[in-house]
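Here is the structure we will look at.
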Amino acid sequence: MRRFHAMDFSKDIIFVDSSGSCDQTNTVVTFFFGSSKIGGIPMGVVLYTGQSQDNYTSAFELLKKLIGPNGFNGRGEPNVIMTDDSIAERKALQACFPKSTLLLCTFHILQAVWRWLWNSSHQIHNNDRKHLINIFRKVMYATNEKECMKEMNNLKMDSCSKKYINYLNYVEKLWKRKTEWCLCFRSKLAIRGNNKNNIVEASIRVFKDIVLERCKAFNMCALADFISTVFERYHKVRLINFANKRTTKNQLCYSKFVHAAKTLVIIS
C-alpha cells in the first residue's frame with residue numbers, strides 16, 4: 001500500500017469508508033482507496049474500537065504518520081476525499097487532512113433524501129414522493145452554478161413542495177452544504193469521473209466475501225493478519241492479471257452485461 005502512494009493517481013481523489021462486524025470484538029475497519037485504470041487500489045487500512053470522532057482522529061493521525069510527508073505522491077494530503085455522510089468520520093478527516101476538499105457521495109445523499117421522504121413521521125403523501133425526489137435530483141445534477149440556483153428556486157416555488165414545509169426546511173439544510181454534493185461545484189476538481197464512493201463500497205464487499213469468506217475473524221490480531229496476507233495477495237493477483245492483460249476492465253464489464261442480458265427479449 002505504501003508503494004501506491006508514489007503513483008500519480010494517489011494525490012487526486014481517495015475514497016474512505018468504514019465497516020464493522022468484521023471480527024468477534026466488533027473492531028471498526030476503515031479503508032482508504034485510490035482510483036486508477038484498474039479500479040480501486042488500497043492505500044491504507046486502520047483498525048480501532050468505536051466510531052467516535054476521537055477514535056477516528058487518533059486512527060487517521062497514526063495512518064498519516066505512517067504514510068509520512070511524501071505520501072499521496074509527495075503532497076502529504078489528497079486533493080479530494082469522498083465519503084458518505086458520517087459526521088464523526090468527516091470531522092476527523094477534516095482535522096487530519098485540512099488541505100483536502102471533502103465531498104459527499106451523491107448516491108448516499110439521494111438515498112438519505114429518499115428515506116426521509118418515506119419516513120411516515122414526515123407525512124409525505126405517497127403520490128408526491130417521486131416528484132419531490134426528482135426535483136431534488138435536478139438541483140444535484142445541474143451542469144453549472146447558474147442552472148443549480150435556478151433549479152433550487154424552482155424547487156422552492158414548486159406547488160407540491162409548498163405543501164410540505166418540513167421538506168423545504170430539510171432541503172434548505174442540505175443546501176447550506178451544496179458545495180459537498182452538487183455536481184456543478186466539483187467540475188474543477190480532479191475527481192477522475194467519480195461522483196460516488198462505489199470503489200470503496202465494492203472493496204468492503206470483496207473484503208467480507210472473498211477475504212473473510214463471510215466469517216468473522218477471531219479478534220483484531222487475526223483481522224490484521226487477514227489484511228496483511230489475504231487482502232494484500234488478492235490485490236497483487238488482480239494487478240498482475242491486469243498487467244499481463246489476462247483480464248481487463250472492459251472484458252469484465254462486457255461479461256457482466258452479457259450475463260445480465262440473457263433474459264432480454266428484443267422486438268424490432
Side-chain angles (χ1 to χ4, degrees), residues 13 15-21 26 28 30-31 33 50-53 56 80-94 101-189 191 193-205 208 260 263-264:
I13 181 171
F15 306 88
V16 182
D17 199 10
S18 302
S19 177
S21 303
N26 292 324
V28 180
T30 298
F31 295 89
F33 268 79
Q51 291 179 295
S52 67
Q53 184 178 339
Y56 274 124
V80 178
I81 301 176
M82 186 171 290
T83 68
D84 57 15
D85 199 10
S86 171
I87 297 174
E89 184 181 75
R90 289 176 65 82
K91 285 184 177 180
L93 285 169
Q94 191 67 71
T101 300
L102 266 63
L103 296 180
L104 286 168
C105 168
T106 55
F107 168 79
H108 284 94
I109 287 294
L110 289 173
Q111 184 185 53
V113 174
W114 190 238
R115 284 176 174 172
W116 189 94
L117 291 171
W118 275 89
N119 190 327
S120 58
S121 64
H122 298 142
Q123 298 180 344
I124 307 297
H125 195 274
N126 189 28
N127 295 332
D128 295 332
R129 290 167 180 163
K130 184 177 179 180
H131 175 72
L132 294 175
I133 190 70
N134 282 336
I135 58 177
F136 180 82
R137 279 169 56 89
K138 290 181 179 179
V139 177
M140 173 180 283
Y141 289 109
T143 55
N144 54 66
E145 294 184 26
K146 185 177 179 180
E147 182 184 346
C148 185
M149 292 293 295
K150 179 183 176 182
E151 294 297 343
M152 185 61 186
N153 290 331
N154 290 341
L155 184 149
K156 292 179 179 179
M157 300 303 295
D158 186 80
S159 58
C160 183
S161 298
K162 287 182 176 180
K163 293 193 296 183
Y164 306 104
I165 301 300
N166 54 349
Y167 171 73
L168 292 174
N169 292 335
Y170 175 71
V171 173
E172 191 63 39
K173 288 181 180 179
L174 287 175
W175 180 248
K176 293 178 181 178
R177 305 167 61 193
K178 57 184 178 294
T179 55
E180 298 176 4
W181 53 269
C182 287
L183 300 192
C184 62
F185 292 99
R186 57 179 72 173
S187 58
K188 296 181 180 179
L189 297 174
I191 58 174
N194 295 289
N195 288 305
K196 307 179 185 71
N197 60 351
N198 291 344
I199 285 177
V200 69
E201 293 276 358
S203 298
I204 289 176
R205 182 177 174 183
K208 289 186 174 181
T263 57
L264 287 179

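Quick caveat: nothing in here was measured; it's all calculated off a predicted structure.
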For S203, check side-chain hydrogen bond (donor to acceptor under 3.5 Å, both in side chains) against everything at least two apart and list the hits.
none
What are the two closest heavy atoms between S52 and A88, and how far apart are they?
C-CB, 4.2 Å
How would you list, by chain and number, every residue that makes a side-chain contact (heavy atoms from CB on, under 4.5 Å) with N198, sequence neighbours excluded?
K196
Min side-chain heavy-atom separation L93-L102 under 4.5 Å:
yes
List the residues meeting side-chain contact (heavy atoms from CB on, under 4.5 Å) with N127, not counting sequence neighbours, and say none if there are none.
H125
Within the 4.5 Å heavy-atom criterion, are I124 and N166 side-chain neighbours or not?
yes
Mind checking side-chain hydrogen bond (donor to acceptor under 3.5 Å, both in side chains) for N195 and listing every partner two or more places apart, or none if nothing turns up?
R186
Cut-off 3.5 Å, side chains only: do S86 and D84 have a donor facing an acceptor?
no
Residues in side-chain hydrogen bond (donor to acceptor under 3.5 Å, both in side chains) with S120, at least two apart?
none
4.5 Å side-chain heavy-atom contact, E201 and H108
yes
State, yes or no, whether a side-chain contact exists between W181 and L174 at a heavy-atom distance under 4.5 Å.
yes
How far apart are the closest heavy atoms of L117 and R129, and which atoms are they?
O-NE, 3.1 Å
Quick one, V80 and N194 - any side-chain contact, counting heavy atoms below 4.5 Å?
no
Looking at side-chain heavy atoms only, is the closest gap between V200 and V16 below 4.5 Å?
no
Salt bridge (charged side-chain N to carboxylate O under 4.0 Å, His left out): pairs with one or both residues in residues 157-177, sequence neighbours excluded
D85-R177, D128-K163, K156-E172, R177-E180
Output side-chain donor-acceptor pairs under 3.5 Å for residues 132-141, partner residues at least two apart or in another chain, one line each.
unit_1 : atom_1 : unit_2 : atom_2 : d
N134   : ND2    : K130   : O      : 3.2

As an exercise, state the distance from CG of N153 to SG of C148, rounded to the nearest 0.5 Å.
10.0 Å
Among all residues two or more places apart in sequence or in another chain, which pass the side-chain hydrogen bond (donor to acceptor under 3.5 Å, both in side chains) test with S19?
K208
Can you tell me which residue pairs pass the ring pair (Phe, Tyr, Trp, His ring centres under 6.0 Å) test with a partner in residues 144-179, sequence neighbours excluded?
W116-Y170
Which residues pass the side-chain contact (heavy atoms from CB on, under 4.5 Å) test with E147, not counting sequence neighbours?
A142, T143, N144, E151
Write down the atom of H131, the atom of C160, and the distance for their closest heavy-atom approach.
CD2-CB, 3.5 Å
Contact between I204 and D17 at the side-chain level, heavy atoms closer than 4.5 Å - yes or no?
yes
How many angstroms lie between CG in L183 and CG in L103, if you round to the nearest 0.5 Å?
10.0 Å
Between T83 and N197, which heavy-atom pair has the shortest distance, and what is it?
C-ND2, 3.8 Å
Students often mix this up, so state it plainly: with edges at 30° and 60°, are the rings of W114 and W118 parallel, tilted or perpendicular?
perpendicular
With a 4.5 Å limit on heavy-atom distance, are the side chains of L104 and R90 in contact?
yes
Of all residues at least two apart in sequence or in a different chain, which pass the side-chain contact (heavy atoms from CB on, under 4.5 Å) check with S18?
V28, T30, Y48, Q51, Y56, E89
